[in-house]
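Side-chain atoms are counted along with the backbone in the values below, which use heavy atoms only and exclude waters and symmetry mates.
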Amino acid sequence: MTDVTLLPATELARRLRTGETSATAIMEAHLERIRMREPQLRAFAYLDEKVALAEARAADARRRSGTEPGPLHGLPIGVKDVLDVAAMPSGYGSPIWADHVPRADAAAVAMARAAGAVVIGKTVTTEFATREPGPTVNPVNPAHTPGGSSSGSAAGVAAHFFPLAYGTQTAGSILRPAAFCGVVGYMPTHGAIHRAGMKVMSESLDTIGALARTVPDCALMVAGVTGRSLGDPAVKPDRAPHLLLCLGPTAEQAAPETLALMEHVAELVVRAGAKVTRREMPSIVTSAAKAHPVVMNMEGAQALAWELTQHREQVSNVLREKLETARALPADALREARDTFVAARAAFPGVIADYDAVLTPAAVGEAPRRLDWTGDPAFNLLWTALHAPCVSVPAGSGPNGLPLGVQIVAAPGKDREALQWAEWVRHALS
């Protein structure tokens, strides 16, 4: 029989609808895989097998009672540990919150449950979804980072612990770990998924998104949670896209394998029928990249005011230094950086109006061979600042055999197009 943990979420959803399998059987299979690899991978911040199985059995019972199944009925979902889950510890990657158990689900979790998803557990995040890594290792090579801050979600999806997972992004926290672990990451247009019940770091930047093994799976998850119509990315469009190949303002940081990857990808998509134009963003757009760390760190210092005041010594040295430096900046620095964001966001749709999507690297290169750092978000932070929908898809491997990825970026609100062209590019690369 087919191992259900190897199937995409869309296929699992089909089998659940037709009664070919049950939520309990799917959960049991995933828990068995977790038992085999979790001691090494360490993707979970919290996992209670009995609770997970009880939730799966409850989903099956609802179905037997005649309750109309939701679009995510019976599908196990990993929840990044900056999103609250009722009666499960929410540590936010920090010892400060080690004993915190919320009584309510975050909005994202409540909406996923309402759509029928079954929470399997909490996945490891870096400290407050920022810099200090958690214990998770890369599923391809445990000597390498899985990326961050959505470390456990990306690694767990890659290891087939769950087919779907929540991630969050402030700079590159969905797209970079997706690239490092060889899975798909989808950061929707900013604000698509409500952040109530999330440990927010940056009001201007934090975005909740999805990690899965396929583009259609990401679309299924976010559409199921939000009720938005995101189409079926698996349906082949009636034409090939016109893509803007853009390395972005941090092009000089690209590793040799990334530069070679982008040339190879351009060749393959052209061969598949796409038109590719090479062009960089104008300064009014790229200025958002320079403003990004100002906004991220100054808003982060505000968000963690209590932790920095009451538990300063339990904040990691690297985060404390960043935030206290930001605290010392004049208040006008934040206002000016936010104004830069506003101007860049206003200009961006017009800049790419002649193209279907932007094609750009998902990371500097392969996952670094170290566990004390989750990699550089240099190729993600501009698009996050622009509030643009982004999809990272696997695109081969680098010199050490670790995954590489490319990003497809569309204008804010064009999520359906971002997903469609990401799947088209993925298919062209395959």
Side-chain angles (χ1 to χ4, degrees), residues 126 128-131 147-149 168-176 179 187 189-191 200-207 244-255 258-259 262 278-304 318-352 355 358-365 373-390 392 407 409-412:
T126 62
F128 300 120
T130 54
R131 292 169 175 81
S149 60
T168 68
Q169 181 155 315
T170 312
S173 293
I174 294 172
L175 301 162
R176 187 173 77 262
M187 182 187 72
T189 296
H190 182 82
V200 173
M201 277 294 291
S202 171
E203 286 290 338
S204 299
L205 296 165
D206 284 1
T207 306
L244 173 59
L245 176 57
C246 174
L247 294 185
T250 55
E252 73 283 353
Q253 296 185 44
T258 294
L259 295 174
M262 298 311 295
R278 297 168 187 261
R279 178 185 172 192
E280 291 303 322
M281 294 288 132
S283 60
I284 191 172
V285 173
T286 60
S287 61
K290 295 179 182 178
H292 180 281
V294 176
V295 174
M296 177 177 170
N297 291 323
M298 291 189 75
E299 290 187 348
Q302 294 172 353
L304 296 184
V318 63
L319 180 57
R320 188 169 64 241
E321 178 184 338
K322 290 282 186 183
L323 298 187
E324 290 184 344
T325 299
R327 267 181 161 182
L329 294 173
D332 279 351
L334 179 56
R335 177 185 57 78
E336 291 168 3
R338 286 172 171 165
D339 287 347
T340 299
F341 278 5
V342 170
R345 290 169 189 155
F348 179 58
V351 169
I352 65 168
Y355 312 98
V358 178
L359 175 64
T360 190
V364 171
W373 186 53
T374 61
D376 194 322
F379 285 95
N380 315 114
L381 54 82
L382 172 61
W383 318 113
T384 307
L386 294 173
H387 288 177
C390 305
S392 173
Q407 278 183 101
V409 183

Nearest-0.5 Å distance that lies between atom [atom1] in [X] and atom [atom2] in [Y]:
| X | Y | atom1 | atom2 | answer |
| --- | --- | --- | --- | --- |
| L259 | L247 | CG | CG | 6.5 Å |
| L359 | M262 | CG | CE | 4.0 Å |
| C246 | R278 | SG | CZ | 11.5 Å |
| N297 | H292 | CG | NE2 | 9.0 Å |
| L205 | L381 | CG | CG | 9.0 Å |
| R320 | T325 | CZ | OG1 | 11.0 Å |

Could you check whether atom CD of E336 has more than 12 heavy atoms from other residues, nucleotides or ligands sitting under 6.0 Å from it?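 Enclosed: over 12 neighbouring heavy atoms sit under 6.0 Å from CD of E336.
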Excluding sequence neighbours, so at least two apart, what forms side-chain hydrogen bond (donor to acceptor under 3.5 Å, both in side chains) with Q253?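 Once residues adjacent in sequence are excluded, Q253 has no partner under the side-chain hydrogen bond (donor to acceptor under 3.5 Å, both in side chains) criterion.
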Of all residues at least two apart in sequence or in a different chain, which pass the side-chain hydrogen bond (donor to acceptor under 3.5 Å, both in side chains) check with S204?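 S204 satisfies side-chain hydrogen bond (donor to acceptor under 3.5 Å, both in side chains) with E299 once adjacent residues are dropped.
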If you take all heavy atoms of [X] and [Y], which pair is closest and at what distance?
| X | Y | answer |
| --- | --- | --- |
| T126 | G148 | CG2-CA, 4.3 Å |
| A129 | S173 | O-OG, 4.3 Å |
| A171 | N380 | O-CB, 3.2 Å |
| A388 | M187 | O-CE, 3.1 Å |
| R176 | P377 | NH1-CB, 3.4 Å |
| T250 | A378 | OG1-O, 3.1 Å |

Would you list the pairs meeting salt bridge (charged side-chain N to carboxylate O under 4.0 Å, His left out) in which at least one residue belongs to residues 287-298, sequence neighbours left out?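 Sorted pair list comes back empty.
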Would you check, one step at a time, whether the test side-chain contact (heavy atoms from CB on, under 4.5 Å) holds for D339 with R335? CA-CA 6 Å; D339 287 347; R335 177 185 57 78; 3.5 Å; yes
Check whether any side-chain heavy atom of [X] sits under 4.5 Å from a side-chain heavy atom of [Y], and report yes or no.
| X | Y | result |
| --- | --- | --- |
| F348 | V409 | yes |
| V358 | W383 | yes |
| Q302 | L334 | yes |
| L304 | L319 | yes |

Going through the checks in order, is the side-chain contact (heavy atoms from CB on, under 4.5 Å) test met by V342 and R338? CA-CA 6 Å; V342 170; R338 286 172 171 165; 5.7 Å; no
For T170, run the side-chain hydrogen bond (donor to acceptor under 3.5 Å, both in side chains) check against T130, D206, T207 and tell me which one passes.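 Filter result, single survivor: D206.
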Answer yes or no: is there a donor N or O on one side and an acceptor on the other, between the side chain of T258 and the main chain of V364, under 3.5 Å?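 Checking the backbone N and O of V364 against the side chain of T258, a donor-acceptor pair under 3.5 Å is found.
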Contacts of H387 that satisfy ring pair (Phe, Tyr, Trp, His ring centres under 6.0 Å) - sequence neighbours left out: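 By the ring pair (Phe, Tyr, Trp, His ring centres under 6.0 Å) rule, H387 matches H190.
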Using ring pair (Phe, Tyr, Trp, His ring centres under 6.0 Å) as the criterion, list what pairs up with F341, not counting sequence neighbours.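 By the ring pair (Phe, Tyr, Trp, His ring centres under 6.0 Å) rule, F341 matches no residue at all.
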Run the side-chain contact (heavy atoms from CB on, under 4.5 Å) test against V318 and tell me which residues pass, sequence neighbours left out.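 V318: side-chain contact (heavy atoms from CB on, under 4.5 Å) contacts with R131, E132, S316.
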